[in-house]
Amino acid sequence: MNQKQEIPANTILKPSQFFKITRGSMEGSEVANSQRTLGEMASYYMDQAALQKLDPNEIIYRVQSHMAVPEGSPGGIYFGTTFIKPGQVGKEYFMTKGHFHSKPECGEYYFCIKGTGVLILMNRQRVCRGEHMASGTLHYVPGETAHRVANCGNEELVFSACWPSDAGHNYEEIEKNGFSSRLLEHHGAAQLVNG
Ligand code: M6P
Ligand code: ZN
């Protein structure tokens with residue numbers, strides 16, 4: 001996929017990969033697609049009784065990414081867009097799994113294309129903070145910081161991201177211990193709540 005033919009000097013190539021700025025969607029032969037269902041994320045949600053009433057096959061979010069160098073290569077950068085459906089499991093908003101980086105010092109940029117949500121950041125001391133996301137907001141995720149996005153709006157939340165190709169994803173810690181705070185709906189508003 002990433003094998004490039006030798007290109008004669010001074011050639012001006014037609015673009016082959018596209019990023020639709022207003023929608024965040026990516027197109028091109030090198031764009032990879034993945035998705036997460038509610039069933040795969042069952043253990044991540046607090047309200048297991050509410051979860052049982054929902055369809056485990058429902059796709060909660062999907063990710064498009066352009067990874068121009070093999071995963072783990074030092075020096076490269078990756079680009080991707082995540083699309084999170086609106087919805088809740090009980091009071092908890094639909095969200096990404098969230099992760100630390102396998103190379104923990106690596107940072108990442110997130111920026112919101114459309115919709116509204118909260119970027120939840122958790123440091124190594126398990127202290128959480130949130131940043132509101134809406135069209136045009138830019139967020140720097142520092143190293144050593146777990147990151148997750150929850151959609152607290154009524155429409156799809158779309159955000160793009162840029163991260164080092166050797167950052168990797170460390171999901172284990174979140175799978176085991178979760179985040180120390182959850183984004184819950186309280187009287188119609190989103191709140192970060194311990195637990
Ligand atoms: C962003 C990036 C990706 C990540 C995706 C979904 O696009 O951070 O690396 O995979 O969000 O987040 P997660 O992997 O935590 O489910
Ligand atoms: Zn990341």
Side-chain angles (χ1 to χ4, degrees), residues 17 19-21 23-28 30-45 58-74 76-87 89 92-124 126 128-131 133 135 137-152 156-183:
Q17 312 301 309
F19 174 66
K20 306 281 175 176
I21 290 173
R23 283 178 277 155
S25 54
M26 296 164 66
E27 284 169 22
E30 296 168 6
V31 173
N33 291 280
S34 64
Q35 58 195 35
R36 299 274 188 208
T37 62
L38 196 55
E40 285 172 74
M41 288 190 66
S43 64
Y44 285 72
Y45 288 96
E58 185 177 354
I59 294 163
I60 300 303
Y61 65 99
R62 63 190 176 88
V63 180
Q64 291 194 306
S65 46
H66 185 256
M67 301 192 289
V69 294
E71 196 140 21
S73 314
I77 47 175
Y78 290 159
F79 185 85
T81 300
T82 301
F83 305 78
I84 313 176
K85 278 194 189 162
V89 177
E92 192 167 13
Y93 295 102
F94 285 178
M95 60 188 178
T96 59
K97 280 188 157 190
H99 57 272
F100 284 98
H101 288 146
S102 309
K103 195 175 170 192
E105 67 270 28
C106 288
E108 182 164 1
Y109 276 109
Y110 274 15
F111 57 100
C112 185
I113 306 290
K114 69 187 198 66
T116 49
V118 173
L119 168 61
I120 305 163
L121 298 167
M122 182 176 76
N123 67 17
R124 287 286 175 192
R126 297 188 50 78
C128 282
R129 64 182 194 277
E131 294 183 8
M133 298 178 91
S135 179
T137 59
L138 175 67
H139 310 267
Y140 181 65
V141 177
E144 308 287 350
T145 306
H147 38 294
R148 159 182 286 168
V149 173
N151 182 355
C152 55
E156 187 177 56
L157 173 62
V158 182
F159 71 94
S160 293
C162 193
W163 67 102
S165 50
D166 58 352
H169 295 82
N170 171 2
Y171 291 111
E172 290 76 20
E173 217 162 308
I174 301 303
E175 260 161 27
K176 209 164 123 206
N177 302 317
F179 277 63
S180 57
S181 300
R182 296 174 180 276
L183 193 74

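Just so it is clear, the values below take in all heavy atoms, side chains as well, and ignore hydrogens, waters and symmetry mates. Both ligands and their constituent atoms are indexed starting at 1 by order of listing.
At a 3.5 angstrom cut-off on N or O pairs, His147 does not count as close to ligand 1. The shortest N/O to N/O separation between Gly98 and ligand 1 falls below 3.5 Å. Taking any N or O of Tyr110, backbone or side chain, at least one lies under 3.5 Å from an N or O belonging to ligand 1. Where the criterion is an N or O separation shorter than 3.5 Å, residue side chain and backbone included, His169 meets it with respect to ligand 1.
Shortest contact from atom 5 (C) of ligand 1 to any protein heavy atom: Thr82 OG1, 3.5 Å. At the shortest separation from atom 12 (O) of ligand 1 among protein heavy atoms lies Thr96 CB, 3.9 Å. Distance from atom 16 (O) of ligand 1 to its nearest protein heavy atom, with residue and atom name: Tyr61 OH, 2.4 Å.
The heavy-atom pair separating Leu183 from Ala150 by the smallest distance is CD2-CB, 3.6 Å. When all heavy atoms of Glu108 and Ala161 are compared, the closest pair comes out as OE2-CB, 3.5 Å. Pairing each heavy atom of Leu121 with each of Glu131, the nearest pair is CD1-OE2, 3.6 Å.
Between atom OH of residue Tyr171 and atom CZ of residue Phe100 there is a gap of 13.5 Å, rounded to the nearest 0.5 Å.
Residue Tyr78 does not touch ligand 1, judged by heavy-atom distances below 4.0 Å.
Met122 has its side chain within reach of Ile174: a pair of non-hydrogen atoms, C-beta onward, lies under 4.5 Å apart.
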**Q.** CA sep, side-chain torsions, deciding dist, call: Lys20, Met26, side chain to side chain contact (heavy atoms under 4.5 Å, CB included)
**A.** CA-CA 6 Å; Lys20 306 281 175 176; Met26 296 164 66; over 6 Å; no
(Q) Checking His147 against His101 for the side chain to side chain contact (heavy atoms under 4.5 Å, CB included) test, could you report, in this order, the C-alpha distance in whole Å, the side-chain angles of both residues, the deciding distance, and whether it holds? (A) CA-CA 9 Å; His147 38 294; His101 288 146; 3.3 Å; yes
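Two rings, from Tyr109 and Tyr140, have their centers less than 6.0 Å apart.
For ligand 1, the atoms sitting less than 4.0 Å from at least one non-hydrogen atom of Tyr171 are 10 (O), 13 (P), 14 (O), 15 (O), numbered in the order shown with element in parentheses. Those atoms of ligand 1 with a heavy atom of Glu108 less than 4.0 angstrom away are 2 (C), 8 (O).
Inclusion of His99 in the first shell of the Zn ion (ligand 2) is supported: an N, O or S atom falls under 2.8 Å. Distance check for His147 against the Zn ion (ligand 2): an N/O/S atom falls below 2.8 Å.
Seen from the ring of Phe94, Arg36 does not count as a face-on cation partner, given the 6.0 Å and 45° thresholds.
Nearest to the Zn ion (ligand 2), among the N, O or S atoms that Glu108 has, is OE1.
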